[in-house]
Amino acid sequence: MTGPRVIDFRDATRAPDTLDSVLDHLKRGGLLAYPTETVYGFGGLPTHAVIERLVALKKREPAKPLLLLVQDREAVGDLTWTHEAIELADVFWPGSVTLVLSDPGARYPEGVRGSDGGVAVRVSPHPVVRELVSGVGGPIISTSANRPGEAPALDARGALGAALAAGAGEDLWVLDGGVLEPSPPSTIIDCSGPEPVVLRQGAIPLGRVRCVLPGVHDRK
């Protein structure tokens, strides 16, 4: 088995048909490592087969759901949008805030949909992510590209190393979008219950969140 393929995805140097090739790879069930506004991530389309491969790649507990990167709020209009969730999305999207929303119709597969019925979604401002979600016409999965116990990759070389260490083969393509500046992970806010709760403080501090929702509290 050959290893992952590295694709030059930088605007100034990539070939004209590169995006089309990557989108075709995604639509055929392929995996990617790609840059986001925070770190490089592993991902693919939210299908059962792709989810199983990503969970195995990350050696991740199946009960721990993967998040989705989406084009806009309307792209996941089938989730339950509370008033607070709408306010947060209007202020912080595109940006480093991940919202957990209820999926009462169980429209999303296990592995993306948590055991409590929540689905984590975010609109990334990174141009590569924007091209991918627009090109496939729907969400893509994102989970940090890193070896267990190590920091997430900030460049294509680190993402490739993490992929190789996990045993990834030619079905994973690494998109080289350049080197990312060090950044905290996204802030995660659970809006699936009666009151929003900050599950993880990250790139957007709690104080900024409280400028929008003064009564929001964080999980202790």
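Keep in mind it's a predicted model, so treat the numbers as computed, not measured. In this chain, residues are counted from 1 in sequence order.
- By the 4.0 Å N-to-carboxylate-O rule, Arg14 lies close enough to Glu131 to be salt-bridged with it.
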Please lay out, stage by stage, how Phe92 and Leu99 fare under the test side chain to side chain contact (heavy atoms under 4.5 Å, CB included). CA-CA 10 Å; Phe92 294 114; Leu99 301 177; over 6 Å; no

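- Leu88 and Val70 fall within a single hydrophobic cluster, where Ile, Leu, Val, Met, Phe, Trp and Tyr side chains are chained together by heavy-atom contacts under 4.5 Å.
- Linking Ile, Leu, Val, Met, Phe, Trp and Tyr whenever their side-chain heavy atoms come within less than 4.5 Å leaves Val112 and Val133 in two separate clusters.
- The closest donor-acceptor contact from the side chain of Arg73 to the backbone of Asp90 lies at 3.5 Å or more, if one exists at all.
- At least one side-chain heavy atom of Leu160 sits less than 4.5 Å from a side-chain heavy atom of Val6.
- Checking side-chain atoms of Lys58 against main-chain N and O of Ser144 turns up a donor-acceptor pair under 3.5 Å.
- Contact annotation: the side chain of Arg10 approaches that of Thr13 to within less than 4.5 Å [non-hydrogen atoms, C-beta and beyond].
- Within the 4.5 Å cutoff, side-chain heavy atoms of Val198 are placed close to those of Val216.
- Qualifying side-chain hydrogen bond (donor to acceptor under 3.5 Å, both in side chains) partners for Asp78, counting only residues two or more places apart in sequence or in other chains: Tyr108.
- The nearest pair of heavy atoms linking Thr82 to Cys191 is CG2-O, 3.6 Å.
- The shortest distance between side-chain heavy atoms of Tyr40 and Leu154 does not fall below 4.5 Å.
- Note that CZ of Arg113 is 7.5 Å distant from OG of Ser102, once rounded to the nearest 0.5 Å.
- Heavy-atom contacts from other residues, nucleotides or ligands closer than 6.0 Å to CD of Glu110 number 12 or fewer.
- In the hydrophobic clustering of this structure, Leu206 does not group with Val197; members are Ile, Leu, Val, Met, Phe, Trp, Tyr whose side-chain heavy atoms approach within less than 4.5 Å, directly or through other members.
- In the hydrophobic cluster analysis, where Ile, Leu, Val, Met, Phe, Trp and Tyr join through side-chain heavy atoms closer than 4.5 angstrom, Ile140 is grouped apart from Ile51.
- Using a distance-only test at 3.5 Å, with no hydrogens or angles considered, no donor-acceptor pair links the side chain of Asp17 to the main chain of Asp20.
- A distance of 10.5 Å separates CG in Leu69 from CZ in Arg130, rounded to the nearest 0.5 Å.
- Counted within 6.0 Å of CZ on Arg107, heavy atoms from surrounding residues, nucleotides or ligands total 12 or fewer; the atom is thus considered open.
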In sequence, state the C-alpha distance, the side-chain angles, and the governing distance for Trp173 and Val22, and then conclude on side chain to side chain contact (heavy atoms under 4.5 Å, CB included). CA-CA 8 Å; Trp173 292 9; Val22 169; 4.2 Å; yes

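- Of all the heavy atoms in Pro139 and Leu45, the pair that sits closest is O-CD2, 4.0 Å.
- Ring orientation note: the planes of Trp81 and Trp93 are nearly perpendicular, at an angle over 60° on the 30°/60° scale.
- Around the CD atom of Glu74, the shell of radius 6.0 Å holds more than 12 heavy atoms that belong to other residues, nucleotides or ligands.
- The side-chain hydrogen bond (donor to acceptor under 3.5 Å, both in side chains) check on Thr98 picks up Arg122, Ser186, with sequence neighbours excluded.
- Transitive grouping of hydrophobic side chains (ILVMFWY, heavy atoms separated by less than 4.5 Å) brings Ile204 and Ile189 into a common cluster.
- Remark: side-chain polar atoms of Arg53 are paired, donor with acceptor, to backbone N or O of Gly29 under 3.5 angstrom.
- Of all non-hydrogen atoms in Gly44 and Leu54, the two that sit nearest each other are N-CD1, 4.3 Å.
- Using a 4.0 Å cut-off between charged side-chain N and carboxylate O, Arg157 and Asp155 make no salt bridge.
- For the pair Pro109 and Thr47, the minimum side-chain heavy-atom distance is 4.5 Å or more.
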Going through the distances and angles, do Val123 and Gln71 end up as a side chain to side chain contact (heavy atoms under 4.5 Å, CB included)? CA-CA 6 Å; Val123 174; Gln71 188 170 8; over 6 Å; no

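- With rounding to the nearest 0.5 Å, the separation of CG in Asp103 from CG in Leu79 is 5.5 Å.
- Here the side chains of Ser142 and Leu68 are not in contact, with every heavy-atom distance at 4.5 Å or above.
- The CG atom of Leu19 lies 11.0 Å from the CG atom of Asp24; values are rounded to the nearest 0.5 Å.
- The number of heavy atoms from other shown groups lying within 6.0 Å of NZ (Lys27) is above 12.
- When atom types are taken as modelled, the side chain of Thr36 and the backbone of Thr38 share a donor-acceptor pair closer than 3.5 angstrom.
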If you apply the rule side-chain hydrogen bond (donor to acceptor under 3.5 Å, both in side chains), what do you find for Arg200 with Thr187, and how did you get there? CA-CA 5 Å; Arg200 180 180 73 190; Thr187 295; over 6 Å; no

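- For the pair Leu67/Ile141, no side-chain contact is recorded, criterion being any heavy-atom separation below 4.5 Å from C-beta on.
- Among all heavy-atom pairs drawn from Ala163 and Leu57, the shortest one is O-CD1, 4.4 Å.
- Closest non-hydrogen pair, Val174 versus Pro4, comes out as CG2-CB, 4.3 Å.
- Interatomic distance, His25 NE2 to Ile7 CD1, rounded to the nearest 0.5 Å: 8.5 Å.
- We find the CG-CG distance between Leu31 and Asp171 to be 5.0 Å, quoted to the nearest 0.5 Å.
- Judged purely by distance below 3.5 Å, without hydrogens or angles, the side chains of Glu52 and His48 never pair a donor atom with an acceptor atom.
- When side chains are defined from C-beta on, Val76 counts as touching Val121, because their heavy atoms get closer than 4.5 Å.
- Shortest non-hydrogen contact noted between His126 and Glu37 is CB-N, 3.8 Å.
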Please determine whether side chain to side chain contact (heavy atoms under 4.5 Å, CB included) holds for the pair Leu175 and Leu32, giving the CA-CA distance in whole Å, both sets of side-chain angles, and the decisive distance to 0.1 Å. CA-CA 7 Å; Leu175 304 187; Leu32 293 180; 4.1 Å; yes

